[in-house]
Amino acid sequence: AQSVTQPDIHITVSEGASLELRCNYSYGATPYLFWYVQSPGQGLQLLLKYFSGDTLVQGIKGFEAEFKRSQSSFNLRKPSVHWSDAAEYFCAVGAPGGSYIPTFGRGTSLIVHP
Amino acid sequence: GAGVSQSPSNKVTEKGKDVELRCDPISGHTALYWYRQSLGQGLEFLIYFQGNSAPDKSGLPSDRFSAERTGGSVSTLTIQRTQQEDSAVYLCASSLSWSEAYEQYFGPGTRLTVT
């Protein structure tokens, strides 16, 4: 079965600074990978997804993520953080050919200082 | 168009009472999913529906939990004899079909507090 780890429970950055949120997965082959964002009081919104092909994936709201097979990672990045990016971020992994339900990490809470 | 809606947004109940949580998916979405999000935890998958059928109920935490979906639309998650450990945010999501589960659209959730 697949699993996903988000090592950082909280991340604090200053507005305008760059951001990288870490995600590591465990799966025997190339998985499907996702990042979701949950703003306070809201449901989850899909930021970006990786199925195959180009390992650098562009998403909404200026986010991107890079799949690195050698490191079993799918880290989320943004060059310049805005105060409105403060939210909970979830990495998720899916198994091609298996259950279509992704497995979610525990989330990383992003705090943005002005 | 309208997104996934859930009601109530907040529910406070006494231990031992039954509660019903409602989810109204996006129109035309045949697949519907329920998750539980406990404080500091990730999303725990509970159950999914393809149409009105729930092929796999093994994710439900106990037999106090049940869910149904009628008319291929609205779904209700029922928790009987609530316990304090049931306190969590219950999220509902929908997708065009089961095979599109990776493209789920989530509702805002119902925050359940059991006192």
Side-chain angles (χ1 to χ4, degrees), chain A residues 1-11 21-27 30-52 57 59-60 65 67 74 87-109, chain B residues 2-11 21-26 29-50 54-60 88-112:
Chain A
Q2 67 271 24
S3 65
V4 60
T5 302
Q6 294 180 247
D8 304 304
I9 298 174
H10 302 283
I11 290 282
L21 301 182
R22 296 185 291 164
C23 172
N24 293 98
Y25 68 88
S26 175
Y27 183 64
T30 300
Y32 295 156
L33 294 160
F34 312 85
W35 275 99
Y36 287 83
V37 61
Q38 184 180 31
S39 298
Q42 304 295 313
L44 276 70
Q45 181 183 20
L46 182 65
L47 280 176
L48 48 78
K49 60 184 183 283
Y50 172 79
F51 286 166
S52 64
V57 180
I60 62 171
F67 169 55
F74 189 58
E88 191 85 15
Y89 291 80
F90 293 91
C91 183
V93 60
S99 167
Y100 290 107
I101 303 294
T103 299
F104 288 84
R106 292 193 171 192
T108 297
S109 178
Chain B
V4 177
S5 61
Q6 293 185 246
S7 61
S9 54
N10 282 283
K11 176 72 175 178
L21 312 180
R22 175 189 168 106
C23 173
D24 201 340
I26 292 173
H29 281 194
T30 63
L32 184 148
Y33 314 83
W34 283 100
Y35 295 86
R36 180 168 69 176
Q37 184 179 23
S38 302
L39 189 63
Q41 303 295 313
L43 271 67
E44 176 187 6
F45 170 70
L46 299 179
I47 190 171
Y48 83 92
F49 289 89
Q50 178 57 43
D56 182 2
K57 300 181 181 180
S58 62
L60 294 175
V89 176
Y90 289 83
L91 292 169
C92 174
S94 69
S95 66
L96 275 172
S97 68
W98 162 239
S99 61
E100 308 263 353
Y102 295 137
E103 300 274 359
Q104 294 182 40
Y105 295 82
F106 283 80
T110 293
R111 181 175 298 278
L112 175 65

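Throughout, a chain's letter reflects where its sequence line sits, starting with A, and its residues are numbered from 1.
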Checklist entry - Considering residues at least two apart in sequence or located in another chain, which fulfil the ring pair (Phe, Tyr, Trp, His ring centres under 6.0 Å) criterion with A:Phe90? => result none
Checklist entry - Do A:Leu46 and B:Gln104 have side chains that get closer than 4.5 Å, going by heavy atoms? => result no
Identify all side-chain donor-acceptor contacts of residues 37-44 of chain A below 3.5 Å with residues at least two apart in sequence or on another chain.
residue : atom : partner : partner atom : Å
A:Gln38 : OE1  : B:Gln37 : NE2          : 2.9
A:Gln38 : NE2  : A:Gln42 : O            : 3.2
A:Gln38 : NE2  : B:Gln37 : OE1          : 3.2

Checklist entry - Any chance CD1 of A:Ile60 has more than 12 other-residue heavy atoms, nucleotides or ligands included, within less than 6.0 Å? => result yes
Next on the checklist: Does A:Tyr50 have more than 12 heavy atoms from other residues, nucleotides or ligands lying within 6.0 Å of its OH?
Outcome noted: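 Atom OH in A:Tyr50 is crowded, with more than 12 foreign heavy atoms closer than 6.0 Å.
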Next on the checklist: With rounding to the nearest 0.5 angstrom, report the OH to CZ distance, B:Tyr35 to A:Phe104.
Outcome noted: 4.5 Å
Checklist entry - What part of B:Leu43 lies closer than 4.5 angstrom to a heavy atom of chain A: side chain, backbone, both or neither? => result both
